[in-house]
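Shown next, in structure tokens, is the structure this report addresses.
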Amino acid sequence: MPQVAFFNIPAYGHTNPTLPVVAELVQRGQQVTYYSKQEFRQAIEQTGATFHQFRDVPVSNVTGHDGNLIRFARTLLEVTQDAIPALLPALSADPPDYIIHDSLCPWGAYLARLLDVPAICSVTTFALSTQLPLSMPLLERELLRTAAGSMADLARFHALASELKRSYHIPRPRLRDVFANHEPLNIVYTSRSFQPSGDTFDDSYKFVGPSISARPDAPDFPFDALGDQSILYISLGTVFNQQPHFYRLCFDAFSSLDRHVVMSVGSKIDLAALGSPPSNFILRPYVPQLQLMQQSALFVTHGGMNSVNEALYYGVPLVVIPQGADQRWVAERVQTLGAGQVVGQERLDAAKLRRAVEEVLSTPSYREASERIGASLREAGRYCRAADEIQEYVRRCRKQQG
Ligand code: UDP
């Protein structure tokens, strides 16, 4: 039975799309060991994979509102420096047949090289490639934005990169490489047409679309209370969601809307401290997003790649309020393709947000554009195609090894 090691960062946005792929690989007889944080144990075990506790990668500390990518790059190399000696001895004694790693897990990429096994990159953001200049300005802009205030992080990054090269005789990682990790096979969870400059990526990038499938870990939700009418759904995702001020602003903006508003506010918000929500609101720390999307007239989102892909998959138009990380890029792409409007969070007020929502709701072209992109996402093949591509690639590698 082929053995697979899967390395990911402990973030819903990076984990959720991989779970149906892992379940499919397990169904096909592969034995997957998934390295992550305890919080994801149940969801991972439900796929049939073996969970392996891995040290925390403090994703939310480094992707907060300042969206400091240089600090994040430094953290990723620190994790890499700890992870290799912690994992290499056991993996060397019983090597996996291949490794799948998230594009933000340099340790997965390096372990694959040190073990000399095939590696596959799992890309839950837009794909980036240092070899494709057209894909890089987005990243360059973010790095430049934070460079001046991050000299100490940058110096630490370079010191770590040199240490890694010296210790393991691996190519010295450059800042851009950490975000543009790629392998001979890259599974990207969007469609080629939603990916900016999608046609410039070669065939090693397989755009399989979002992994839409039943989520066994989806929480209960009072769907009966919604009736048949389409809703306004609001979520800032799972990382950038500690924003009581924004949630109260939504109360003001939508208390008189003649439809239900469902708002996912995250587990760290004190619901009582938010005050009483208007009677047309339902608030929850975490909601069954895929089911709610199917009943949504519009989605107000932070622009997380998964949330946006999921909305487009169901043809839901968007109002995007990017907070950090890659969300500005995703928001720009939504606006460029006409599937929604972008609203800056600076000087945002209830009237501005309400205006954007009303305009998108009353202009059919937004929904039509979302439906067009949705068709490309639905045709991309999803997790079954991802599993096909992975198995085919591993077969090719085996053949080449003779
Ligand atoms: N999600 C969910 N219920 C919620 C909030 C989020 O199921 O109440 C899921 C959502 O479907 C998506 C993921 O969590 O798959 C969030 O990922 P995204 O990339 O959109 O944002 P992030 O949380 O990484 O900022």
Side-chain angles (χ1 to χ4, degrees), residues 8-21 36-37 39-40 42-43 46 57-65 67 69 72 102-104 122-126 188-190 194 209-223 231-243 246-247 250 261-269 271 281-296 299-314 316 318-331 333-334 340 345 377 382-383:
N8 210 337
I9 60 168
Y12 286 93
H14 289 250
T15 306
N16 283 352
T18 70
L19 297 175
V21 179
S36 183
K37 193 174 151 188
E39 187 182 341
F40 294 93
Q42 197 190 353
Q46 274 165 344
V57 183
V59 179
S60 54
N61 293 351
V62 283
T63 57
H65 287 289
L69 287 187
F72 193 29
D102 184 84
S103 61
L104 292 180
S122 168
V123 187
T124 59
T125 58
F126 281 138
V188 192
Y189 302 92
T190 189
F194 190 53
S211 290
I212 306 286
S213 78
R215 290 182 176 166
D217 59 332
D220 289 338
F221 188 84
F223 281 99
I231 60 160
L232 173 66
Y233 172 46
I234 304 172
S235 166
L236 297 179
T238 57
V239 180
F240 296 80
N241 55 13
Q242 290 168 64
Q243 302 202 47
F246 172 76
Y247 300 134
C250 288
V261 180
V262 174
M263 193 152 79
S264 165
V265 297
S267 52
K268 297 192 186 95
I269 285 281
L271 285 177
F281 271 64
I282 298 178
L283 262 60
R284 287 288 183 281
Y286 194 78
V287 300
Q289 178 157 308
L290 294 183
Q291 281 160 278
L292 282 166
M293 210 58 93
Q294 296 170 58
Q295 201 176 339
S296 295
F299 180 31
V300 175
T301 171
H302 66 311
M305 183 68 174
N306 294 286
S307 291
V308 168
N309 271 316
E310 289 158 11
L312 296 168
Y313 186 93
Y314 290 112
V316 178
L318 304 121
V319 168
V320 191
I321 310 170
Q323 309 291 310
D326 56 348
Q327 295 148 22
R328 286 184 195 86
W329 315 340
V330 177
R333 190 67 180 152
V334 166
Q345 60 166 333
L377 295 169
R382 303 191 299 157
Y383 57 92

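In each ligand, atom 1 is the first atom listed, and ligand 1 is the first ligand listed.
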Closest candidate by heavy atom, reference atom 24 (O) of ligand 1, pool Gly13, Gly304, Ser264: Gly13
Atom 13 (C) of ligand 1: the protein heavy-atom neighbour that sits closest, reported with distance to 0.1 Å: Asn16 ND2, 3.5 Å
Close side-chain approach of Gln289 and Phe221, heavy atoms under 4.5 Å: no
For atom 15 (O) of ligand 1, the protein heavy atom that lies nearest, with its residue and separation: Glu310 OE2, 2.7 Å
Atom 20 (O) of ligand 1 [closest protein heavy-atom partner, distance rounded to 0.1 Å]: Ser307 OG, 2.6 Å
Geometric N/O contact His302 with ligand 1, under 3.5 angstrom: yes
Contacting atoms of ligand 1, where contact means under 4.0 angstrom from a heavy atom of Gly237: 23 (O)
Identity and distance of the protein heavy atom lying nearest atom 19 (O) of ligand 1: Asn306 ND2, 2.9 Å
Under 4.0 Å to a heavy atom of Met305 - the qualifying atoms of ligand 1, by number: 19 (O)
Non-hydrogen atom of Gln323 closer than 4.0 Å to ligand 1: no
Heavy-atom pair of closest approach, residues His14 and Thr124: ND1-OG1, 3.1 Å
Nearest heavy atoms of Gly303 and Val320, plus distance in Å: CA-CG1, 3.5 Å
Minimum heavy-atom distance between Met293 and Val316, given as atom pair plus value: O-CG2, 3.4 Å
contact_flag Arg215 ligand 1 heavy-atom lt 4.0 Å: yes
Min N/O separation Leu236 to ligand 1 under 3.5 Å: no
Taking atom 23 (O) of ligand 1 as the reference point, the nearest protein heavy atom with its distance: Thr238 OG1, 2.4 Å
Beyond-backbone contact of Tyr383 with Pro17, side-chain heavy atoms, under 4.5 angstrom: no
For atom 3 (N) of ligand 1, the protein heavy atom that lies nearest, with its residue and separation: Val287 O, 2.8 Å
Interatomic distance, Ile269 atom CD1 to Arg284 atom CZ [nearest 0.5 angstrom]: 15.5 Å
Taking atom 6 (C) of ligand 1 as the reference point, the nearest protein heavy atom with its distance: Gln289 OE1, 3.6 Å
Partners meeting side chain to side chain contact (heavy atoms under 4.5 Å, CB included) with Gln46 (sequence neighbours left out): Gln42, Pro216, Asp217
Qualifying residue for ring-ring contact (aromatic ring centres under 6.0 Å, His included) with Phe126, from Phe194, Trp329, Tyr189: Phe194
Distance-only N or O hit between ligand 1 and Tyr12, under 3.5 Å: no
Heavy-atom side-chain proximity of Gln327 to Val308 below 4.5 angstrom: no
Over all atoms of both residues, closest heavy-atom pair of Tyr286 and Tyr12: OH-CD2, 3.8 Å
